[in-house]
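Written out below as structure tokens is the structure these notes cover.
This chain uses plain numbering: 1 for the first residue, then up along the sequence. Quick caveat, the model's predicted, so the values are computed rather than measured. FYI, side chains are in, hydrogens and waters are out, and symmetry mates aren't considered; it's all heavy atoms of this structure.
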Amino acid sequence: MDVLFSNFLDKPVWMWIFFILIVLVLLILDLGVFHRKVREIGVKESLALSAFYITLGLLFGAWVWWYLGPTAGINYVTGFVIEKSLAMDNIFVIAMIFSYFSIPRIYQHRVLFWGIIGVIFLRAIMIGVGATLVSQFSWVLYIFAAFLIFTGIKMWLSVDKEYEVGNSPILNFIKKRFRVTEQLHAEKFWVKKIDPKTNQLTWFMTPLFLALIMIEFVDLIFAIDSVPAIFAITTDPFIVYTSNIFAILGLRALYFALSAMVDRFHYLKYALAVLLVFIGSKIFIADGLGIAKIPPPVSLSITFIILFTGILYSLWKTKDQSTHG
């Protein structure tokens with residue numbers, strides 16, 4: 001029992017176990033109960049699932065607020081909101097990946113589910129490394145801050161540039177070194193076929209698995225933005241990881257609700273760019289310039305204002321567009 005109350009990354013082990021159990025239950029319910037059979041997820045179901053995951057994430061935040069205090073609670077909510085917002089940019093790219101590989105909506109949930117499993121482990125590694133670096137070398141935060149400012153400026157300048165899936169180095173690397181089928185084989189990631197070069201039965205990767213690899217690769221790229229962003233809010237590994245994962249868990253549901261209307265949120269990218277610059281600037285303003293640190297409630301309020309401005313402006317500018325095309 002003493003092990004449960006010993007510290008791991010500055011928090012009792014039982015808190016980490018409690019969080020991991022919640023995530024495991026959600027994943028088991030998702031794949032083993034609600035989506036045991038392959039089927040297409042409609043917009044109405046997607047919105048309901050999104051509301052469920054957002055509510056659950058905020059309830060966990062309420063528990064963090066109650067157990068760890070208001071500052072921890074506000075930092076969790078800020079991290080959750082930022083990660084959720086940056087995930088919307090990720091949705092735009094995921095939609096391009098599915099379109100490139102011609103993945104029908106009926107198989108997209110399977111890809112996204114296993115993609116989330118990979119994300120959970122990748123984020124754990126990145127956050128663990130980030131937390132270790134920050135605890136050992138406090139100046140690493142300045143590197144994170146500078147990177148966020150640079151990324152925000154770059155995002156602003158490249159809003160109209162679309163991600164070109166076919167030009168991805170990792171996609172070209174895989175196609176050169178692995179056998180890949182031209183057609184889908186239902187929901188299968190791998191199939192056994194006769195290799196025309198060797199005339200032997202061997203394993204082939206399907207476009208569905210290629211889409212999964214590309215989604216994992218894209219999330220790794222997005223994590224390079226989002227992980228420093230949350231470390232700029234708080235250096236508490238528990239708050240960083242839990243807010244990240246709760247935001248990502250609802251990404252699949254959010255994707256099915258928004259994938260058909262991604263064009264309506266074109267100007268949100270400008271807001272995300274401003275948000276990254278704001279988060280990065282906080283560290284230089286508070287520490288580098290010796291000015292008082294921006295209080296967490298003020299930081300959260302500014303985050304909401306930036307994002308809602310981007311969303312409302314996007315919807316207003318595209319109000320004449322049909323959500324169906």
Side-chain angles (χ1 to χ4, degrees), residues 7-11 61 64 68-90 119 122-159 218-248 269-307 310:
N7 274 3
F8 174 72
L9 293 177
D10 201 36
K11 289 293 181 290
V64 168
L68 298 177
T71 299
I74 293 174
N75 286 338
Y76 170 90
V77 173
T78 305
F80 179 81
V81 170
I82 290 170
E83 180 59 42
K84 202 76 173 175
S85 305
L86 291 172
M88 289 184 70
D89 199 29
N90 203 348
V119 168
L122 284 173
R123 292 294 172 98
I125 294 170
M126 293 184 71
I127 290 169
V129 171
T132 303
L133 288 173
V134 169
S135 64
Q136 296 293 323
F137 312 101
S138 58
W139 49 264
V140 169
L141 278 177
Y142 294 108
I143 296 177
F144 285 172
F147 178 77
L148 289 173
I149 294 171
F150 170 77
T151 303
I153 295 171
K154 185 180 177 182
M155 183 184 288
W156 181 283
L157 297 175
S158 61
V159 164
V218 165
D219 181 77
L220 186 61
I221 295 172
F222 275 91
I224 295 173
D225 297 340
S226 62
V227 170
I230 184 62
F231 269 114
I233 301 296
T234 175
T235 56
D236 186 330
F238 185 78
I239 302 298
V240 172
Y241 189 62
T242 54
S243 61
N244 251 256
I245 299 306
F246 264 117
I248 291 168
K269 292 185 179 182
Y270 287 107
L272 294 176
V274 172
L275 182 61
L276 289 177
V277 172
F278 164 69
I279 295 168
S281 300
K282 281 177 55 182
I283 292 177
F284 289 109
I285 291 172
D287 299 331
L289 300 179
I291 301 172
K293 185 177 180 182
I294 299 175
V298 175
S299 181
L300 179 59
S301 300
I302 293 173
T303 298
F304 271 118
I305 290 169
I306 292 171
L307 292 174

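Taking CD1 of I233 as the reference point, atom OG1 of T303 lies at 6.0 Å (rounded to 0.5 Å). Note that CD1 of I127 and CD1 of I239 are 11.5 Å apart. Values are rounded to the nearest 0.5 Å. Residue T242 holds its OG1 atom at 9.5 Å from NZ of K11, rounded to the nearest 0.5 Å. A distance of 10.0 Å separates CG in L300 from CD1 in I305, rounded to the nearest 0.5 Å. Taking CD1 of I248 as the start and CD1 of I245 as the end, the distance is 4.5 Å to the nearest 0.5 Å. Note: I82 CD1 to F304 CZ = 10.0 Å, rounded to the nearest 0.5 Å.
Nearest approach of A247 to E83, heavy atoms of both residues: CB-CG, 3.4 Å. Across every non-hydrogen atom of T234 and V240, the tightest pair is O-CG2, 3.5 Å. Scanning both residues, S243 and F80, for their nearest heavy atoms gives CB-N, 3.7 Å. Taking every heavy atom of both residues into account, W156 and A273 meet most closely at N-CB, 3.7 Å. Across every non-hydrogen atom of L276 and G152, the tightest pair is CB-CA, 4.0 Å. Heavy-atom minimum distance, I306 versus A271: CG2-O, 3.3 Å.
Side-chain contact between I230 and Y241 is absent, with no heavy-atom pair separated by less than 4.5 Å. Residues V119 and L220 are not in side-chain contact: their nearest non-hydrogen atoms beyond the backbone lie 4.5 Å or more apart.
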For this session: Please lay out, stage by stage, how D236 and N75 fare under the test side chain to side chain contact (heavy atoms under 4.5 Å, CB included).
Result: CA-CA 9 Å; D236 186 330; N75 286 338; over 6 Å; no
Problem set entry | CA sep, side-chain torsions, deciding dist, call: L307, L272, side chain to side chain contact (heavy atoms under 4.5 Å, CB included) | CA-CA 7 Å; L307 292 174; L272 294 176; 3.8 Å; yes
Exercise. After noting the C-alpha distance and the side-chain angles of F144 and V227, does the key distance pass the side chain to side chain contact (heavy atoms under 4.5 Å, CB included) rule?
Worked result: CA-CA 9 Å; F144 285 172; V227 170; 5.9 Å; no
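The aromatic rings of Y76 and F246 stand perpendicular to each other, their planes meeting at an angle above 60°, with 30° marking the opposite boundary.
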